[in-house]
Structures are given as structure tokens and as C-alpha cells.
Participant: 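Dumping the structure here so I can ask a few things about it.
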Amino acid sequence: MPNKYLINTTKIVAIYCFFFVAIKILAVLMGKSLIPNLASSLPFLIIGIITSYLIFIEKYLWWLTILFAIFILVFRIFEFDILMYLEKNYSN
């Protein structure tokens, strides 16, 4: 039986990833640039699918959950720079 903190952290990562993707899709629907927002949400969609699958099969891994949490943290720190770069180079 995995640690309850690991289970909860994995669920939080999955929920956050799907929420982030939903917000980015909503931003596109409200008129923001398509390519930067969808490109920045793609890694979160992949992480959300992986963590949801791990929750579904009830296989929880500390190293993967910590890796995904660090990725989310680093991405959120540099999100503005990433979006501006994508906007500048790949937007209409």
C-alpha cells in the first residue's frame, strides 16, 4: 500500500494538469493566440494522462510524481517567457 501523501500528491498533479489545459483552451476560445497556448498546454496534457493512468492502475511512484511537480514548478516560473517566445516566433 503506497503512502497516502504519495497518492494525494499524484492526484493533485493530475487535477492541476487537466485544470491548466482547460484554462489554456478557454484562453484560446476567448481570443488569445492559438499556437502559444496550445503548445504550452501539451506537456501538461501528457503529464495529466500519465498520472491519471497511474492512478487508474493504482501504481504510485515517488520519483515520477516529484519529477512532474518540479516540471510544473519550473514551467510556471518561466511561463511568461515561454509564452512570449512562442508568441513572437509562432503566432500570426
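Basis for what follows: all heavy atoms, side chains included, without hydrogens, waters or symmetry-related copies. None of these values were measured; they are calculated from a predicted model.
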Participant: Nearest 0.5 Å please: distance from the CD1 atom of I35 over to the OG atom of S40.
Facilitator: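 Rounded to the nearest 0.5 Å, the CD1-OG separation comes to 11.0 Å.
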Participant: Starting at OH of Y90, measure out to CG of L38 and round the result to the nearest 0.5 Å.
Facilitator: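 Nearest 0.5 Å value for the OH-CG distance: 15.0 Å.
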Participant: Following the transitive rule for hydrophobic clusters with a side-chain heavy-atom cut-off under 4.5 Å over Ile, Leu, Val, Met, Phe, Trp and Tyr, establish whether F71 and I77 coincide in one cluster.
Facilitator: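 Yes, it is one cluster - the side chains of F71 and I77 are joined through contacts under 4.5 Å.
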Participant: Report whether I23 and F18 are members of the same hydrophobic cluster (ILVMFWY, side-chain heavy atoms less than 4.5 Å apart, transitive linking).
Facilitator: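 I23 and F18: separate clusters.
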Participant: Applying the side chain to side chain contact (heavy atoms under 4.5 Å, CB included) test to Y60, which of N8, N3, T10 qualifies?
Facilitator: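 Answer after filtering N8, N3, T10: T10.
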Participant: Please report the interatomic distance CG(D81) to CG(L86), rounded to the nearest 0.5 Å.
Facilitator: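 One gets 11.0 Å once the value is rounded to the nearest 0.5 Å.
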Participant: Can you measure from CD1 (I7) to OG1 (T65) and round to the nearest 0.5 angstrom?
Facilitator: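 Result: 10.5 Å between the selected atoms.
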Participant: How long is the gap from OG on S33 to CG on L83, to the nearest 0.5 Å?
Facilitator: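 Reported value, rounded in 0.5 Å steps: 9.5 Å.
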Participant: Is the F44 ring parallel, tilted or perpendicular to the F75 ring (thresholds 30°, 60°)?
Facilitator: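 Perpendicular.
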Participant: Same cluster or not: are I12 and I50 linked, directly or through other Ile, Leu, Val, Met, Phe, Trp or Tyr residues, by side-chain heavy atoms under 4.5 angstrom apart?
Facilitator: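 No, it is not one cluster - the side chains of I12 and I50 are not joined through contacts under 4.5 Å.
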Participant: Answer yes or no: is there a side-chain heavy-atom contact under 4.5 Å between F68 and C17?
Facilitator: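 Side-chain contact under 4.5 Å: no.
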Participant: Same cluster or not: are F80 and F78 linked, directly or through other Ile, Leu, Val, Met, Phe, Trp or Tyr residues, by side-chain heavy atoms under 4.5 angstrom apart?
Facilitator: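 Not linked; separate clusters.
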Participant: What about V28 and L42, same hydrophobic cluster or not, with Ile/Leu/Val/Met/Phe/Trp/Tyr joined at side-chain heavy-atom distances under 4.5 Å?
Facilitator: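 Yes, same cluster.
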Participant: So, the side chain of T9 versus the backbone of L6: is there a donor-acceptor pair under 3.5 Å, distance only?
Facilitator: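 Absent.
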Participant: Measure the OH-OG1 distance between Y16 and T51 for me, rounded to the nearest 0.5 Å.
Facilitator: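 OG1 of T51 is found 13.0 Å from OH of Y16.
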